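Source: prediction; values computed, not measured. Below, read A as the first sequence line, B as the second, and so on, with proteins coming before strands; counting in each chain starts at 1.
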Amino acid sequence: MFKKVLIANRGEIAVRILRACRETGIDTVAVFSEADRQALHVRLADEAYLLGPAPSRESYLRADKIIEVARKCGADAIHPGYGFLAEREDFAEACANAGITFIGPHPSAIAAMGDKMTARETVRKAGVPVVPGTEDVGNMSDDDLLSIAPQIGFPLLIKATAGGGGKGMREVKSLEEMPILLKSARREAESAFGDGNVYLEKLVEGARHIEIQIMADNFGNVIHLNERECSIQRRHQKLVEESPSPFLDDDLRQKMGEVAVKAAQSVNYVNAGTIEFLVDKDRNFYFLEMNTRLQVEHPITELVTGVDIVKEQIRIARGRPLQYKQEDIKINGAAMECRINAEDPFNGFMPSTGKITHTILPTGPGVRVDTGVYPGFEITPYYDPMISKLIVWAETRAATILRMRRALEEYRIVGVRTNIPFHQTLMDSHRFMGGQYDTRFVEERFAIHENKDPKMMEIAAVMATLVAHEETQRAAQFVQRNERDTSNWKWVGRWERMHR
Amino acid sequence: MFKKVLIANRGEIAVRILRACRETGIDTVAVFSEADRQALHVRLADEAYLLGPAPSRESYLRADKIIEVARKCGADAIHPGYGFLAEREDFAEACANAGITFIGPHPSAIAAMGDKMTARETVRKAGVPVVPGTEDVGNMSDDDLLSIAPQIGFPLLIKATAGGGGKGMREVKSLEEMPILLKSARREAESAFGDGNVYLEKLVEGARHIEIQIMADNFGNVIHLNERECSIQRRHQKLVEESPSPFLDDDLRQKMGEVAVKAAQSVNYVNAGTIEFLVDKDRNFYFLEMNTRLQVEHPITELVTGVDIVKEQIRIARGRPLQYKQEDIKINGAAMECRINAEDPFNGFMPSTGKITHTILPTGPGVRVDTGVYPGFEITPYYDPMISKLIVWAETRAATILRMRRALEEYRIVGVRTNIPFHQTLMDSHRFMGGQYDTRFVEERFAIHENKDPKMMEIAAVMATLVAHEETQRAAQFVQRNERDTSNWKWVGRWERMHR
Amino acid sequence: MKYITTIDDKQYTVDVINERHVSVNGKIIEVDFHTVSGQPVYSMISNGKSYEAYVYPEDKDWQVLLHGRLYQATVEDEREQRIRLAAGAGTAQGGEFHLKAPMPGLVVAIPVEEGQAVKKGEVLVILESMKMQNELKSPRDGVVQRIKVQPGESVDQRASLLSVV
Amino acid sequence: MKYITTIDDKQYTVDVINERHVSVNGKIIEVDFHTVSGQPVYSMISNGKSYEAYVYPEDKDWQVLLHGRLYQATVEDEREQRIRLAAGAGTAQGGEFHLKAPMPGLVVAIPVEEGQAVKKGEVLVILESMKMQNELKSPRDGVVQRIKVQPGESVDQRASLLSVV
């Protein structure tokens with residue numbers, strides 16, 4: 001039994017894990033960077049320790065410091081969340097050496113799946129179909145890659161060997177543009193993972209990104225929790241996920257589930273993991289990679305299966321057998337997640353930094369919000385722009401979309417720009433409603449119109465005017481009553497603050 | 001198909017219904033009293049109309065005005081929520097006469113179940129067991145009741161004929177104290193329902209209050225959605241509800257469900273309704289009354305069955321058949337609801353009025369909050385003290401209780417006192433955890449200790465001191481920089497507001 | 001700066017030594033104390049333990065909502081305490097208790113009479129509000145005086161109802 | 001009081017007649033306008049329709065978050081507009097555009113050169129921040145001038161990067 005778990009992460013996922021621990025009677029230890037002193041995961045944890053300055057390399061990526069904290073405060077286990085150290089086999093190894101349980105797979109499985117080229121080879125040998133691409137294992141030079149590329153054929157993808165989440169990924173349409181793209185892919189991979197190694201994969205056109213959640217215990221039991229459809233992406237970043245996929249039928253679902261279990265078994269996988277597949281128009285599916293950790297989008301699986309994935313991760317790490325057998329896993333209704341990012345969809349999805357001054361969360365039936373932000377939270381440029389996840393469940397996919405529209409409209413985030421209008425436009429899209437989309441849909445066949453109703457524009461104009469008018473009136477009164485010792489601008493600002 | 005629905009209610013239930021309409025593509029019309037101009041149901045609705053001054057009699061009980069509004073704005077239907085006009089057959093009748101669909105049962109069913117004495121007789125004839133008590137129908141004088149009482153035996157309950165929700169209810173231990181209790185029961189019933197009529201019922205000791213949710217359509221289909229256990233009460237007001245009941249087994253559940261369906265059929269019931277039973281220690285169950293409307297605690301049934309009761313109500317009112325058959329209704333996991341009231345559990349549960357200055361809602365896995373309040377909301381003495389409902393689901397009852405503890409701790413409501421500490425103490429109670437409770441548990445065998453950990457008291461003292469210290473320091477600086485034109489108290493107040 | 005802080009009947013002498021150190025009843029502790037901007041939320045990390053509290057003024061006291069529990073703290077500096085103790089010496093214990101309506105409502109019953117001796121916890125007035133009948137109790141032993149309202153009367157918030165001397 | 005309110009390219013002449021009446025481009029509408037206390041939330045009921053909006057200042061404009069959509073409104077009274085138009089006549093159209101870093105970050109690439117003609121929407125600078133590469137584009141046609149940074153350089157928020165003349 002764990003008495004104390006250190007959560008080596010920040011933001012919504014740190015809060016998510018913290019809640020699972022609290023609901024299991026386990027004490028929680030947060031770690032934080034200087035930028036996150038006031039963050040929710042720090043405030044909600046039982047203990048909290050500073051790691052270092054804001055940049056990840058000096059804080060959340062400091063494996064040594066994190067293990068030192070865990071040792072000093074007597075934590076039994078470390079949950080890495082996603083990102084940061086979650087897929088570093090050396091970190092998992094170091095935990096083990098320090099006598100601390102790493103809540104995740106064995107280092108060997110992380111290593112086998114972490115090197116994307118090795119992973120391709122391993123699962124291919126286990127009979128799992130892979131996307132055609134580079135078949136060698138090991139570092140390849142630009143020259144090697146440029147000479148292999150024509151055999152694979154264009155368009156193709158450059159992908160980071162150490163990668164995931166679209167970082168260090170580039171689409172290549174021709175040999176001519178390949179050298180410069182190789183360079184930028186390597187640079188991005190180097191900065192994201194500390195490893196600039198890349199490989200090539202054929203670009204499967206019109207494909208859908210569908211992944212299978214698996215769970216495995218230390219007793220050889222491996223089950224899958226069905227699929228998540230993640231084809232709504234922009235620049236290889238997932239924006240919306242849903243389960244079940246509108247594209248799969250029971251037959252294909254079962255086949256993919258079985259193959260996913262096989263892939264996990266090929267590396268003696270333990271704990272929660274996800275096998276990502278590409279599925280083409282003809283329903284052929286190809287292994288893409290395995291994420292050897294909790295996914296951002298795990299909640300939609302929780303909502304349709306009823307399994308609390310984080311609690312189950314903890315149980316497995318404690319050496320308990322899986323609570324579920326494959327036949328216990330049913331699909332109940334439909335769930336969808338919108339990732340709420342601090343970015344401006346009307347300005348090229350430019351990240352938006354600043355302070356969140358007010359938020360109103362959508363609530364009520366079928367709505368779950370996983371968030372690490374709050375009024376007063378400062379969005380800094382140091383971390384991911386994802387500030388919360390809006391997750392919705394309903395009995396059918398159609399009801400889920402309608403509920404998501406309702407929840408998006410209720411969600412208020414004031415102070416920074418968010419991509420909520422993107423999600424609203426998506427939920428109104430007929431193609432999306434019809435389930436007719438692939439991974440290129442957002443970038444190629446979807447436009448976010450401002451689509452401003454003239455009636456609503458007029459209402460907005462009237463409301464803005466009335467607020468401005470009230471301010472003018474009150475500011476005038478205020479100035480009459482007081483000596484003005486500061487500039488007008490300051491008075492208005494002060495007045496503003498006073499009336500909040 | 002309804003295009004526009006008027007919601008003849010306020011608070012969380014008005015918001016709940018509004019969300020269901022919005023998720024079904026139906027326009028919403030709110031009505032409000034002068035006290036509720038800024039309320040959430042007014043702000044979220046598509047249209048909103050003033051009814052009158054704050055007191056219910058002059059606003060939410062003004063059936064005539066509500067129907068006038070519905071007619072003028074072209075609403076197809078009215079949803080009455082719970083309380084107010086929900087169980088007034090004359091209102092349902094008036095809707096029908098105005099050509100507006102009443103989302104609820106036929107007036108005849110409301111009438112038959114609304115007079116509690118008539119209801120007892122009706123279901124008894126249909127073979128439903130009832131609690132021994134007065135068997136006549138019609139107004140009974142104090143003298144009649146006093147002469148019948150000894151035959152029923154003490155302790156007994158005085159109950160309002162028109163009643164529900166514990167209003168106008170009194171427990172009588174002996175004949176001597178009965179006259180004065182009759183008087184106060186009649187007074188309370190008169191003020192709550194405009195009808196001072198009462199009847200008597202034997203007090204079933206050690207009983208549990210367990211109710212069955214039923215749904216019926218216009219085609220003769222009646223199903224039940226299993227039970228809700230509502231024995232956690234104080235002064236006959238429910239405080240916590242859970243589903244399934246820890247007391248029932250499948251056998252008793254099925255029996256009670258069948259009897260509930262029979263009771264509904266005895267009055268040709270249509271739409272959603274609830275049959276309340278008392279279940280004694282020996283698992284005998286007795287019909288108490290039928291609530292011919294949506295219940296406060298309907299969400300726990302939604303969470304364990306997956307049925308959206310409000311959407312289903314709307315479907316039925318539109319003349320569609322039930323979407324479900326009895327065999328579709330399964331119990332999935334366990335759900336619990338805590339009613340969050342603005343009252344001080346450390347001061348005799350005294351209602352607490354005032355302004356809510358800040359709130360933080362609990363979120364994350366398995367947590368649903370149905371609320372009508374928000375920062376800035378003013379709690380007035382005109383309406384019910386219930387300000388929100390915290391509803392939690394998990395795979396097992398034990399996990400639900402642990403999750404509820406976590407959610408209660410996360411829930412912050414600043415500005416008024418709430419009964420959250422009561423719920424926290426309850427969730428820690430071994431008897432409650434063991435499911436060992438009846439309707440007298442809270443009043444007789446449960447104490448809310450302040451139970452203050454000395455360590456936490458010291459921390460609270462330090463934090464209060466540091467805040468006070470900061471205020472003093474900053475106020476001093478502020479005073480130095482400015483002419484003091486107001487009293488010190490006002491400056492501190494202003495400073496306070498400026499720094500929020 | 002030294003303060004005397006009282007919660008319930010417990011007194012804490014809290015000395016704010018500097019930005020990172022506080023002594024409580026003579027014991028020095030290290031504190032990392034932060035305000036969450038724009039909110040009455042404070043975060044304190046002390047000895048690795050993390051505490052989040054809402055701290056906000058109510059009348060002359062501070063309300064501290066810490067880990068879901070509410071504490072009511074009185075914070076005085078030494079001078080303030082001296083003044084209060086000096087002033088309070090005359091009236092503190094023997095002072096009258098003035099029962100005021102905690103909310104607007106209808107006086108349903110007054111189960112006591114003027115001149116009647118009451119114990120702490122005894123019901124003085126039943127007030128109907130928010131559709132509930134609420135029992136207003138005596139906070140101490142004493143004698144009822146100056147009943148200012150009658151059953152059936154509607155009263156505003158903070159209206160004087162009666163005194164216990 | 002009369003205001004000229006602009007959203008996107010649309011101008012509205014809004015006359016606040018009294019507490020309950022406003023005219024918009026000459027058409028009089030009845031409004032019931034309320035602030036939700038302590039919040040930048042406003043509720044307006046007009047002709048039975050209910051609207052809730054967050055309205056808050058940003059720079060010199062007002063941001064209106066209405067039914068989930070964000071509108072940016074400039075509100076000027078007649079005098080302010082006259083002054084701006086008079087002042088703006090000289091510089092408005094021909095003014096330089098100064099590209100500033102919208103957030104701190106690393107300059108990854110500058111795909112333009114000084115003196116190069118660019119079209120509206122053309123990428124001027126690629127800035128890495130929040131683990132993303134962000135393309136900063138030209139808001140109008142013009143010629144690139146005064147490039148002040150180099151690839152590989154870290155810049156602070158609002159740092160000047162280059163100008164488009």
Side-chain angles (χ1 to χ4, degrees), chain B residues 4 6-7 10 14-15 18-19 21-22 27-51 65-66 68-75 354-359 372-380 413-416 493 496-500, chain D residues 1 3 5 7-8 10 12 14-25 27-73 75 130-131 157:
Chain B
K4 199 185 271 188
L6 184 147
I7 300 154
R10 65 181 297 283
V15 174
L18 195 149
R19 285 173 168 150
C21 291
R22 189 147 292 167
D27 282 351
T28 52
V29 182
V31 287
F32 62 99
S33 75
E34 283 166 7
D36 279 340
R37 170 62 186 85
Q38 301 176 16
L40 217 48
H41 74 286
V42 176
R43 282 151 52 195
L44 292 180
D46 295 303
E47 300 179 34
Y49 298 92
L50 179 68
L51 291 174
K65 271 216 165 180
I66 290 170
E68 190 195 317
V69 167
R71 225 181 336 208
K72 278 202 184 152
C73 74
K355 186 189 289 182
I356 295 178
T357 53
H358 291 267
T359 68
V373 304
Y374 49 86
F377 185 85
E378 187 88 34
I379 295 173
T380 66
I413 300 175
V414 175
V416 296
E496 254 286 299
R497 271 171 277 135
M498 282 180 54
H499 290 267
R500 289 230 165 120
Chain D
M1 185 114 178
Y3 298 88
T5 299
I7 296 182
D8 296 345
K10 251 186 117 83
Y12 301 85
V14 182
D15 190 357
V16 182
I17 301 168
N18 59 36
E19 282 216 339
R20 303 282 294 193
H21 295 87
V22 161
S23 86
V24 187
N25 295 339
K27 177 187 64 185
I28 293 177
I29 58 174
E30 204 183 323
V31 293
D32 173 11
F33 188 72
H34 275 251
T35 313
V36 176
S37 74
Q39 296 273 306
V41 184
Y42 299 86
S43 168
M44 183 168 89
I45 300 178
S46 175
N47 200 16
K49 299 274 183 289
S50 175
Y51 306 97
E52 185 207 56
Y54 274 67
V55 183
Y56 53 99
E58 195 178 279
D59 296 328
K60 288 177 205 151
D61 292 334
W62 294 93
Q63 303 292 329
V64 183
L65 183 62
L66 176 66
H67 287 204
R69 303 266 167 190
L70 191 67
Y71 302 83
Q72 186 159 327
V75 182
M130 293 174 119
K131 304 194 163 181
Q157 188 161 19

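Residues B:Q38 and D:V41 fail the side-chain proximity criterion, which asks for heavy atoms closer than 4.5 Å.
Of the atoms belonging to D:S46, not a single heavy atom falls under 4.5 Å from chain B. Within the 4.5 angstrom heavy-atom criterion, only side-chain atoms of B:K355, from C-beta onward, approach chain D. Heavy atoms of B:Y374 lying under 4.5 Å from chain D belong exclusively to its side chain.
Residues from residues 27-36 of chain B that place a non-hydrogen atom less than 4.5 Å from a non-hydrogen atom of chain D comprise B:F32, given in numerical order.
The two residues D:S50 and B:A45 make their nearest non-hydrogen contact at CB-O, 3.3 Å.
Listed options B:V42, B:L50, B:L44, B:D46 were ranked by heavy-atom pairs under 4.5 angstrom with chain D; first place goes to B:D46. If you tally non-hydrogen atom pairs under 4.5 Å between each of B:E378, B:K72, B:R37 and chain D, the highest count goes to B:R37.
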